[in-house]
Amino acid sequence: MDRKYFQICLLAIVFVGTIIVIIVCFEAKYGIREKVVESPFWQTSVVYQVYPRSFYDGQPDETGDITGITSKVDYLLELGVGAVWLSPVYTSPMKDFGYDVANFTEIDPIFGSMADFDDLVTTLHRKGLKLVMDFVPNHSSDQHEWFQRSVRCEDPYTDFYIWANSSGVDANGTQIPPNNWLSVFRGSAWEWNDERQQFYFHQFLPEQPDLNYRNHLVREEMKRVLTMWLDRHVDGFRIHALKFLFEIEDLSQNEPVATHSGVQDPDDYDYLNHTYTVDQPETLTVVREWRQLLNQYPDRVMMVEVYNDDIDAVMKYYGNETVPLADFPFNFFLIDNLQSRGDLTGESLRYTIDLWLDNMPEGKWPNWVTGNHDNGRVASRLGRDLVDALNMLTLLLPGTPVTYYGEELGMENTFISWDETKDPEGCRWGPDLYQEHSRDPERTPMQWDNCTNAGFTTANSTWLPVNPNYKVLNVKAQTQAETSHLKIYKELAVLRRADTFSKGHIAFPVVTKEIFSFLRYLEGSEKYLLVINTSEEELEVNLHRHANLPLPSSAVVVLRSVTDTSEKTHPGSEVPLDKVPLVGGEGLLLNLQAED
Ligand code: BGC
């Protein structure tokens, strides 16, 4: 009996051993145990920018807040975005609506409490969404304790900001600044401080003194700020105004006049060439320090704000394979190159997309931005008819799309009278010119439904007026409608997860003045063609005539802009590619697999 038992055991051991050997060999050959390298969240997600004052007013007092955002997490989930970038919620006197921070590690009561913030992070994480904070390193508020103590020359804060002696007194007895440097918000970038008897430097408002990054203590403090938020489980940062971090050390140097800019007004920021006050090489060293800090935490993102029409200057912020810096600098070229409908052609779109893809350093990841709280809304800038086409473009290109709240609905700029104007940039230009500069029109409350105040708040008023079009343009209406911008956006957010879009290649088969198109393809996966009519006219396009690569004779419609109601392009129908009907501004997404 014992012997039999022994034999059975032996057989069992041999059997199990053989199975293990087979599995190991199989794994070795086919690599089935090879660890699947997952893409970081910021590559697979749509990043959705929430401007907290305007998203949803949870504790009704006319201004949006954190509990309001938390109560709308399901909306974000259904929308299909993967990460929220939250504009500043830190303690602030709100001179620049949160971009003037009086305490970098506290929440402003207008937005709620730290407990509300933690709850938002937990709720987002529980639902699989990420939270990216705005980080405002270039300056603090003049109400920040550091600045107050710096004014009083209390160490170690004495040199926390950029102080300089006056270069004399003019005939009126007014102190003369050390140089001609200008503020982005117009006028001198120097403000006289009576108490300290010196000027301090501010790239933006006088209430936003620039921090001195040549002082290593400032750098240490700001790293402590980042660490504090990372330890609170935020998933990364959008770093504001990065190019302004350093200025040259020699404050006696004037910046040269930008003779070719055509700007005559000496108070206008564009009057000067900013050779000494932006994109100084030291900035990259600090970004490197932040990168190293973020790398100590898994899967954290660094997206940086750098406006510059010189593509090489922007690309520097990516770093390279050996010295990685930001995960990406925002790609503002779809905004800068396409300021109005007149700028938009198939060719200008192609140029703008190539500009990024062709200049991006090896191994880096692209991103696409069509709007934010500093730029007019897409529907107003380029045209209502283009809303879906541009969402199709940004969500289906290779890379990360960044969507400003309300762009999924095609929200429009709101007219704000001079009396109602709040944006400091608008205010500094005065009643005649404010409309060209104010950023209020794109910051108005999110339009949730057709109730009073667009369902944004139950308070009697809103911090900025609601766009009167809210009665028809709102989340509820677009959810109930058979077709809507919102529904298209949601479909795009799902579609873009398919391998063709997340891993596939891109080609541009037809690009003319009126037509822009790209093909997304990947071996073994569906092949898609996006065709956009950039003109305002209805067209019937023969794609074959213009194509630079072979296209099938027909394709099946997957998605089309809401403006197109033709029977011929109903989703699911087959369209001959030598006769593609497109209404003005339409985006038409076709599946090319059908004929292969
Ligand atoms: C923000 C602007 C702000 C500026 C200066 C930028 O990062 O996007 O809204 O006015 O910083 O604080």
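Along the sequence shown, the residues carry numbers beginning at 1. Predicted, not measured: the structure shown is a model, and the values here were computed from it. Just so it is clear, the values below take in all heavy atoms, side chains as well, and ignore hydrogens, waters and symmetry mates.
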Taking the basic N atoms (NZ, or NE/NH1/NH2) and the acidic carboxylate oxygens, is any pair closer than 4.0 Å for [X] and [Y]?
X      : Y      : value
Arg186 : Asp270 : no
Asp100 : Lys95  : no
Asp279 : Lys243 : no
Arg232 : Asp118 : yes
Arg443 : Asp374 : yes

* Between Phe104 and His144, how do the two ring planes meet: parallel, tilted or perpendicular, split at 30° and 60°? -> tilted
* To do: Return the orientation label for the His274 and Tyr269 ring planes: parallel under 30°, perpendicular over 60°, tilted otherwise.
  =>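 Ring orientation of His274 relative to Tyr269: parallel.
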Would you say the side-chain atoms of [X] and [Y] include a donor-acceptor pair closer than 3.5 Å?
X      : Y      : answer
Asp231 : Tyr297 : yes
Ser461 : Glu62  : yes
Thr352 : Asn337 : yes

* Go through the steps to decide whether Asp440 and Lys422 satisfy the test salt bridge (Lys or Arg N to Asp or Glu O under 4.0 Å), and finish with yes or no. => CA-CA 7 Å; Asp440 289 338; Lys422 297 239 166 43; over 6 Å; no
* Structure fact -> Residue set satisfying side chain to side chain contact (heavy atoms under 4.5 Å, CB included) with Arg497, at least two apart, ordered chain then number -> Val494
* For Leu77, check side chain to side chain contact (heavy atoms under 4.5 Å, CB included) against everything at least two apart and list the hits. => Asp74, Lys127, Leu129
* Asked: Would you say Leu473 and Gln478 make side-chain contact, with heavy atoms under 4.5 Å?
  -> yes
